[in-house]
Amino acid sequence: MAQALSTLPSSYCEKFSGAAGFFGPYGGQHIPPALAPVINAIADAYASAKADPAFQEELTYYLKQYSGRETPLFFARNLTEKLGGAKIYLKREDLNHLGAHKVNNTLGQILLAKRMGKTKIIAETGAGQHGVATAATAALMGMRCTVYMGAIDVERQYLNVERMRMLGADVVSVTTGGAGLKEAVDAALDAWVADPEIFYLIGSAVGPHPYPVMVRDFQSVIGNEARKQILEAEGRLPDYCLACVGGGSNAIGLFHPFIGDKSVRLVGVEPGGKGVKVGEHAATLSYGQPAVLHGSFSYVLRDGEDVAPVHSISAGLDYPGVGPEHSLLKDEGRAEYVTVSDAEAVDAFLTLSRTEGIIPALESSHAVAQAMKMAPGLDRDAILLVSLSGRGDKDVDQIVALTKA
Ligand SMILES: *Cc1c(COP(=O)(O)O)cnc(C)c1O
C-alpha cells in the first residue's frame, strides 16, 4: 500500500476538505479496504476516549507519575548572552522518561489500545526513540510489542535496539529499499494488514485519520504547558515557537495551542542534510509536493513518480513524508518551514552542551541551530521558545566518530 505515489484530483480534495480527518485538502484515509473497519474502530474509540474524563485522568496520571511531567521551561541564559539577542527558552521534553517527547503519545495510544481490549502492539521506529517509548509503555501495560526498524538505523542506533530488547520487545530489522524509517513504516503496515487484531502505535502525526489528530492531541501537552509557563515567566507570549520537523509530532504539539495567537510566529525546522539535491536531505515541506504516502495526503519528497531517498544526520528526522496538518499550516502561511544542515545541527549540539550543560538530541539540535541563527538579529526583549524534543545520549557515539574524523 505504501510504495506507489498517487496525486489526488483536486475534485477529491474539495469534496473532503473540512470533513473529519482533513486539514484543508490534506490528511484523509488512503488505506486498503481491509484496514478500513480496523482504523474506523480506532477513530470511534478515540472519539469516545477523548470525551471521557476517566480516560483523560488516567493519561494525566501516567504523564505525571511515569514520565515526570510537567517538563520545565528553561531560560537558556548563557546561550542567550553568548548570542547577544533574543531570549531563548527551552521546553525540556528531553527530561521525559525515556529521553524524548515520544512517551506523551505512546502513553496516550497504549491506554487507548487497552481500552479497546488489544494486547499486541506494533510500531515503526527511526532513531529508536519511538520504539523504546513503545516497548516501555507496552511493558508497563503487560502487552506484547514488535518494533520495525530499518537495517541502517539498527546499525547507527544499536543502543536503542538493545534497550528495546531489554524492555521485552521484538525488533525486526527491515532491509528493503533504503532500509530506513519509510521502509519500517511499510513493514509495520504490511504486518497490520496481515493481522488486524494488532494495534499499530504510530509514532508521529502522520498516517491515516485518526492518527494525525490523535497524535497531535497527545503531544499538545507540550504547547499547553509551555504557553502557561512562558506567561508565568515573562507575562506575555513568545514571538517565535521553533521545533524540528520529522513527521512533525513535537512541532505540532508545541504549535497547536499557539495557532490562534496571531502574534506568535511558528517555525518548523527541517533537516537540510548535506545539500539540496534529491537524496541529500529530508526537508519535505521545503522541497516536496503533495501526494499520498502511508495512508494520508500531504507533502512528500518525490523523485519523479517514486518516493525520494532521504538523508539526515539525525535518524529521527529521516522521513520523506510529513503530517498533513503541517502541509495546511504551510499553505496558509500560518507556519514557516526552514532548513538547517547536518553541520549546523552538529555545531548547535556542541554549543548547547558547552554553554548550558544540556546535551540535546541531534533532532532537537536542528531547532536549537535555527534559534542560534535568529537570536542575534532580534531585539533583546524578543522571545524564542524552542522545543528541546529529546536528549542526545543516543547520539554521543555518532558525534564522537564525526568530531574525530
Ligand atoms: C522522533 C524524534 C523527533 C522527530 O519526530 P517528530 O514527530 O517530527 O517530532 C524529533 N526529536 C526527537 C528527540 C525524536 O526522538
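Counting starts at 1 for both ligands and their atoms, following the listed order. Values in this document were obtained by computation on a predicted structure and should not be read as measured data.
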Would you please test Arg69 and Glu225 for salt bridge (charged side-chain N to carboxylate O under 4.0 Å, His left out) and show each step? CA-CA 9 Å; Arg69 300 205 75 90; Glu225 285 180 5; 2.9 Å; yes
Distance under 4.0 Å to a non-hydrogen atom of Ala361: what atoms of ligand 1 satisfy this? 13 (C)
If you scan protein heavy atoms around atom 2 (C) of ligand 1, the nearest is Lys102 NZ, 2.3 Å
Residue pair Leu384, Asp239: steps toward the side-chain contact (heavy atoms from CB on, under 4.5 Å) verdict: CA-CA 6 Å; Leu384 300 179; Asp239 298 287; 5.8 Å; no
Backbone or side chain, does any N or O of Gly248 fall under 3.5 Å from an N or O of ligand 1? yes
Looking only at protein heavy atoms, what sits closest to atom 4 (C) of ligand 1 is Gly316 O, 3.4 Å
Show the atom names and distances, to 0.1 Å, of all donor-acceptor pairs under 3.5 Å that link a side chain in residues 255-269 to residues at least two apart or in another chain.
unit_1: His256; atom_1: NE2; unit_2: Arg216; atom_2: NH1; d: 3.3
unit_1: Asp261; atom_1: OD1; unit_2: Arg227; atom_2: NH2; d: 3.0
unit_1: Asp261; atom_1: OD2; unit_2: Arg227; atom_2: NE; d: 3.0
unit_1: Asp261; atom_1: OD2; unit_2: Arg227; atom_2: NH2; d: 3.3
unit_1: Arg265; atom_1: NE; unit_2: Glu336; atom_2: OE2; d: 3.1
unit_1: Arg265; atom_1: NH1; unit_2: Tyr240; atom_2: OH; d: 3.3
unit_1: Arg265; atom_1: NH2; unit_2: Glu336; atom_2: OE2; d: 3.1

If you measure every N/O of Ser249 against every N/O of ligand 1, is any gap under 3.5 Å? yes
Can you see whether Tyr89 engages Glu234 through a side-chain donor-acceptor pair at a distance of less than 3.5 angstrom? yes
Which donor-acceptor pairs under 3.5 Å do the side chains of residues 163-179 make with protein atoms, sequence neighbours left out?
unit_1: Arg163; atom_1: NH1; unit_2: Asn160; atom_2: OD1; d: 2.6

What part of His130, side chain from CB on, backbone N/CA/C/O, both or neither, has a heavy atom under 4.0 Å from ligand 1? neither
Is it true that Gln56 and Asp52 share a donor-acceptor pair across their side chains at a distance under 3.5 Å? no
What I want to check is whether the side chains of Ser314 and Ser312 have a donor and an acceptor closer together than 3.5 Å. yes
Any nitrogen or oxygen of Gly247 lying under 3.5 Å from a nitrogen or oxygen in ligand 1? Just yes or no. yes
Residue Ser204 vicinity, atoms of ligand 1 by number, heavy atom under 4.0 Å: 6 (P), 7 (O)
Do any nitrogen or oxygen atoms of Gly246 lie less than 3.5 angstrom from nitrogen or oxygen atoms of ligand 1? yes
Any N or O of Gln129 closer than 3.5 Å to N or O of ligand 1: no
Looking only at protein heavy atoms, what sits closest to atom 11 (N) of ligand 1 is Ser389 OG, 2.7 Å
Could you list the atoms of ligand 1 found under 4.0 angstrom from a heavy atom of Gly390? 13 (C)
Taking atom CG of Asp186 and atom CG of Leu181, what is their separation to the nearest 0.5 Å? 9.5 Å
Non-hydrogen atom of Glu93 closer than 4.0 Å to ligand 1: no
Is a side-chain donor or acceptor of Glu270 paired with a backbone partner of Val245 at a separation under 3.5 angstrom? no
